[in-house]
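Side chains are part of it too, since the values below use all heavy atoms of this structure and drop only hydrogens, waters and symmetry mates.
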Amino acid sequence: MEQDAAYKRAGRSARTGMGVGTTSILMIFTVLAFATLAMLSMSTVMSNATIQTRGTKGVIALAAAEGEAAEKAAALDEALAGITETGDAYFAAAEAAATGLGFAAGPEERQVAYTADEGDSHEVVMVLELQEPGQDARFTVVQMVSQYTGTWQPETGAGLFVP
């Protein structure tokens with residue numbers, strides 16, 4: 001008790017604790033930590049938004065290319081409905097009609113292929129097989145695939161596997 005009274009007369013507290021300077025330093029570090037986390041969060045949000053935008057553009061381009069290919073298939077179906085020949089003459093007329101609509105010869109006999117651009121580096125390839133006259137369907141879809149058409153560039157700056 002005597003010591004407390006002596007401290008009070010001198011204008012000091014008997015108890016030692018954190019002073020104003022220590023609290024200020026802790027507050028500065030806390031604010032800096034929150035600011036750093038906020039900047040990292042903003043950076044993550046911006047990169048995620050960029051990736052999402054690129055993905056959305058790719059999906060839109062793919063859907064447009066597939067839609068174009070489907071429209072060409074529908075036009076071919078209408079053209080095939082108007083062909084009256086039979087046998088080999090039918091297939092010759094069908095291939096001529098397909099060529100007139102922008103189709104190319106397919107990888108195998110009685111197949112035609114259509115290619116639709118999907119952007120700068122991709123394309124949609126649709127391969128149709130022509131059916132005999134009188135079948136339920138005039139053609140069947142053998143393949144419809146999105147292909148990469150760009151050139152591959154190896155990454156030279158990373159140096160991940162350099163000993």
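Between the CG atom of Leu32 and the CG atom of Leu37 there is a distance of 11.0 Å, given to the nearest 0.5 Å. The distance from the OG1 atom of Thr44 to the CE atom of Met46 is 11.5 Å, given to the nearest 0.5 Å. From Leu80, atom CG reaches atom CD of Glu95 across 10.5 Å, with rounding to the nearest 0.5 Å. The line from OG1 of Thr140 to CD of Gln111 is 8.0 Å long, rounded to the nearest 0.5 Å. Expressed to the nearest 0.5 Å, how far CE of Met126 lies from OG of Ser146 amounts to 14.0 Å. Atom-to-atom distance recorded for Glu66:CD and Glu118:CD is 7.5 Å, nearest 0.5 angstrom.
A 4.5 Å side-chain heavy-atom check between Glu109 and Phe91 finds every atom pair outside the cut-off.
Two different hydrophobic clusters hold Val127 and Phe103 under the rule that ILVMFWY side chains link at heavy-atom gaps under 4.5 Å. Ile60 and Val124 end up in different hydrophobic clusters when Ile, Leu, Val, Met, Phe, Trp and Tyr side chains are linked at under 4.5 Å. Hydrophobic clustering, with ILVMFWY side chains joined whenever heavy atoms are under 4.5 angstrom apart, keeps Val112 apart from Val142.
Taking a 6.0 Å sphere around CG of Asn48, one finds it holds more than 12 heavy atoms contributed by other residues, nucleotides or ligands. Applying the 6.0 Å contact sphere to CD of Gln135 captures more than 12 heavy atoms from other residues, nucleotides or ligands.
Between Gln131 and Ala137 the shortest heavy-atom distance is CB-O, 3.3 Å. Across all non-hydrogen atoms, the minimal contact from Tyr90 to Glu85 is CB-O, 3.4 Å. The nearest pair of heavy atoms linking Ala65 to Ala116 is O-CB, 3.7 Å. Here the closest non-hydrogen pair linking Leu76 and Ala94 is CD1-O, 4.4 Å.
Each of Glu71, Glu68, Lys72 was evaluated against Tyr114; a single residue qualifies, Glu68, per the side-chain hydrogen bond (donor to acceptor under 3.5 Å, both in side chains) test.
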- Message: Determine whether Arg110 and Glu132 satisfy the following criterion, side-chain contact (heavy atoms from CB on, under 4.5 Å), listing intermediate values before the conclusion.
- Response: CA-CA 10 Å; Arg110 296 185 178 177; Glu132 296 280 341; 2.8 Å; yes

Should Thr50 and Arg54 be marked as a side-chain contact (heavy atoms from CB on, under 4.5 Å) after you check the CA-CA gap, both sets of side-chain angles, and the distance that decides it? CA-CA 6 Å; Thr50 302; Arg54 286 182 191 165; 4.0 Å; yes

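Note: His122 and Tyr148 have perpendicular aromatic rings, judged against thresholds of 30 and 60 degrees for the angle between ring planes.
Put simply, the side chain of Thr53 gets close to the backbone of Ala49: a donor and an acceptor are under 3.5 Å apart.
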